[in-house]
Peer 1: 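After the structure tokens below, expect a handful of questions from me.
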Amino acid sequence: MKKIWLLFCLLPHCLWAQTEKTVNNQFQSWVSINSTFRFNNHWGAIGDFHMKRNNFVSDPSFYFMRVGGGYWLNENLSFIMGYGHLWLAPPPGRKTYADENRWYEQIAYATRVGNVSLLNRFRSEQRWREALRDDKSTGDFNFSNRFRYLISVGIPVSKNPHIPQISLANEVAVQFGKTIVNNTFDQFRAFAGIRQGFGKGWSYDFGYMLVWQQKANGFEYDANHTIRLFFYYTWTNKKKSHKELPALQYEDE
């Protein structure tokens with residue numbers, strides 16, 4: 001009887017130990033090129049390519065490509081929808097990449113508060129993620145929806161265009177679907193760095209990004225410490241206006 005009682009007392013502790021939050025710290029690098037093409041005052045297109053690696057640059061994490069068509073109601077408000085494809089690298093010891101097909105829709109609002117540029121963006125994604133078994137493709141895809149909200153801020157520190165401005169951004173993502181049971185919260189991203197233009201239509205941002213992501217089991221988290229370098233290119237054929245806001249584009253995976 002004493003052994004049974006002891007087991008009964010220890011059981012909650014064992015269960016808690018199995019579900020106690022654990023954090024996996026990883027170091028990554030993330031490079032991308034993000035392009036915007038404005039055909040006229042209202043219509044345009046975007047396209048970007050991303051490469052992310054683990055253990056700083058040693059191992060692949062994912063490759064991602066996205067295209068889309070957009071409508072600019074004015075220089076402040078834009079609507080974009082399109083398609084993206086992700087190749088997710090396998091964990092160590094495996095060799096099969098998992099595919100993800102993704103449709104997305106987004107609305108973005110850019111404005112200024114004094115000299116500070118501000119971008120708010122809401123994005124909805126429909127994701128079909130491939131299920132692998134024994135390091136092989138099954139041909140099956142799990143569907144889920146993801147909703148993302150981003151706020152990005154550009155803060156100039158000088159009127160000299162050769163001095164970079166401060167770039168800050170936060171984004172949160174939640175997801176829903178049959179296979180989303182323990183991790184409705186998907187991830188949080190925080191970026192701090194610099195942003196600088198160079199050449200006609202070109203700019204880049206460089207800095208540190210923390211990606212805090214909840215795993216499918218609900219109690220395991222990845223803390224991805226990421227060195228990020230994003231390049232941006234904007235081509236325009238639209239009419240010029242002295243009242244226009246500089247396009248603050250912030251396209252990321």
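Computation of the quantities below employed the complete heavy-atom set of this structure, encompassing side-chain atoms and omitting hydrogens, waters and symmetry-equivalent molecules.
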Peer 1: Nearest 0.5 Å, what's the OG-CD1 distance between Ser144 and Ile180?
Peer 2: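 Answer rounded to 0.5 Å: 4.5 Å.
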Peer 1: If you apply the rule side chain to side chain contact (heavy atoms under 4.5 Å, CB included), what do you find for Leu73 with Tyr71, and how did you get there?
Peer 2: CA-CA 6 Å; Leu73 184 65; Tyr71 179 79; 4.1 Å; yes
Peer 1: Regarding Asn224 and Thr226, do their side chains bring together a donor and an acceptor under 3.5 Å, going by distance alone?
Peer 2: no
Peer 1: Just wondering, do Asp48 and Met65 contact through their side chains at under 4.5 Å, heavy atoms?
Peer 2: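 Side chain of Met65 against side chain of Asp48, heavy atoms only: no contact under 4.5 Å found.
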Peer 1: Are Arg146 and Asp186 close enough for a salt bridge, meaning some N to O gap below 4.0 Å?
Peer 2: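 Here Arg146 pairs with Asp186 in a salt bridge, since their nearest N and O are under 4.0 Å apart.
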Peer 1: What are the two closest non-hydrogen atoms of Gly70 and Ile80, and how far apart are they?
Peer 2: CA-CG1, 3.8 Å
Peer 1: Before accepting this row, confirm whether a basic side-chain N of the pair Glu171/Arg123 lies closer than 4.0 Å to the acidic partner's carboxylate O.
Peer 2: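 No, no charged N to carboxylate O under 4.0 Å.
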Peer 1: Under 3.5 Å, is there a donor-acceptor pair between the Asn182 and Asn217 side chains?
Peer 2: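 Asn182 vs Asn217: no donor-acceptor pair found between side chains.
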Peer 1: Mind checking whether Leu150 and Asn120 have side chains closer than 4.5 Å, heavy atoms only?
Peer 2: no
Peer 1: Establish, yes or no, whether the cationic atom of Arg38 lies under 6.0 Å from the six-membered ring centre of Trp235 and within 45° of the ring axis.
Peer 2: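 No, Arg38 does not sit over the ring of Trp235.
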Peer 1: Do the side-chain N and O atoms of Asn170 and Tyr149 include a donor-acceptor pair separated by under 3.5 angstrom?
Peer 2: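 Note: Asn170 and Tyr149 side chains miss the donor-acceptor criterion.
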Peer 1: Do the two ring centres, one from Trp128 and one from Phe143, sit under 6.0 Å apart?
Peer 2: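 Yes; Phe143 has its ring centre under 6.0 Å from that of Trp128.
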Peer 1: If you draw a 6.0 Å radius around CG in Asn115, do more than 12 non-hydrogen atoms from other residues or ligands fall strictly inside?
Peer 2: no
Peer 1: Using only atom types and a distance under 3.5 Å, with no angle test, would you say the side chain of Ser29 pairs donor to acceptor with the backbone of Phe56?
Peer 2: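 Yes, because the side chain of Ser29 sits within donor-acceptor range (under 3.5 Å) of the backbone of Phe56.
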Peer 1: Any side-chain heavy atom of Thr184 within less than 4.5 Å of one from Phe176?
Peer 2: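 They are in side-chain contact.
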Peer 1: Does the distance from a Lys or Arg side-chain N to an Asp or Glu carboxylate O, for Lys215 and Asp222, drop under 4.0 Å?
Peer 2: yes
Peer 1: For the backbone of Gly47 and the side chain of Ser35, can you confirm whether one donor and one acceptor N or O come within less than 3.5 Å of each other?
Peer 2: yes
Peer 1: Under a plain distance cut-off of 3.5 Å, with no hydrogens placed, do Glu220 and Asn24 share a side-chain donor-acceptor pair?
Peer 2: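 Judged by distance alone, the side chains do pair up.
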Peer 1: Run the ring-centre check on Trp30 versus Phe62 and record whether the distance is less than 6.0 Å.
Peer 2: yes
Peer 1: Would you verify whether the NZ or CZ of Lys21 falls within 45 degrees of the ring axis of Tyr221 while also being under 6.0 Å from that six-membered ring's centre?
Peer 2: yes
Peer 1: Aromatic contact between His50 and Phe230, with the criterion being ring centroids under 6.0 Å apart: yes or no?
Peer 2: yes
Peer 1: Does Trp103 have its ring centroid less than 6.0 Å away from the ring centroid of Tyr83?
Peer 2: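 Yes, they do, as the ring centres are separated by less than 6.0 Å.
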Peer 1: Taking the ring of Tyr232 and the ring of Trp202, is the distance between their centroids below 6.0 Å?
Peer 2: no
Peer 1: Taking all non-hydrogen atoms of both residues into account, name the closest pair between Gly193 and Phe191 and its distance.
Peer 2: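 In terms of heavy atoms, the two residues are closest at N-CE2, 3.9 Å.
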Peer 1: Check whether any side-chain N or O of Asp134 sits under 3.5 Å from a backbone N or O of Lys136 as a donor-acceptor pair, and report yes or no.
Peer 2: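 It does not hold such a pair.
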Peer 1: Will you find, in the side chains of Glu105 and Gln126, an N or O donor that is under 3.5 Å from an N or O acceptor?
Peer 2: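 Note: Glu105 and Gln126 side chains meet the donor-acceptor criterion.
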Peer 1: Would Ile163 and Val116 show up in the same hydrophobic cluster when neighbours are defined by side-chain heavy atoms closer than 4.5 Å?
Peer 2: yes
Peer 1: I'd like to check His225 versus Gln28 (side-chain heavy atoms, cut-off strictly below 4.5 Å). Are they in contact?
Peer 2: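 Counting from C-beta outward, His225 and Gln28 never come under 4.5 Å.
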Peer 1: Under the 3.5 angstrom rule, does the side chain of Thr138 hit a backbone N or O of Ala131 as a donor-acceptor pair?
Peer 2: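 Side chain of Thr138 to backbone of Ala131, a donor-acceptor pair under 3.5 Å: yes, one is there.
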Peer 1: Consider only side-chain N and O atoms of Gln106 and Ser124, and report whether a donor and an acceptor are under 3.5 Å apart.
Peer 2: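 No, Ser124 and Gln106 have no side-chain donor paired with an acceptor closer than 3.5 Å.
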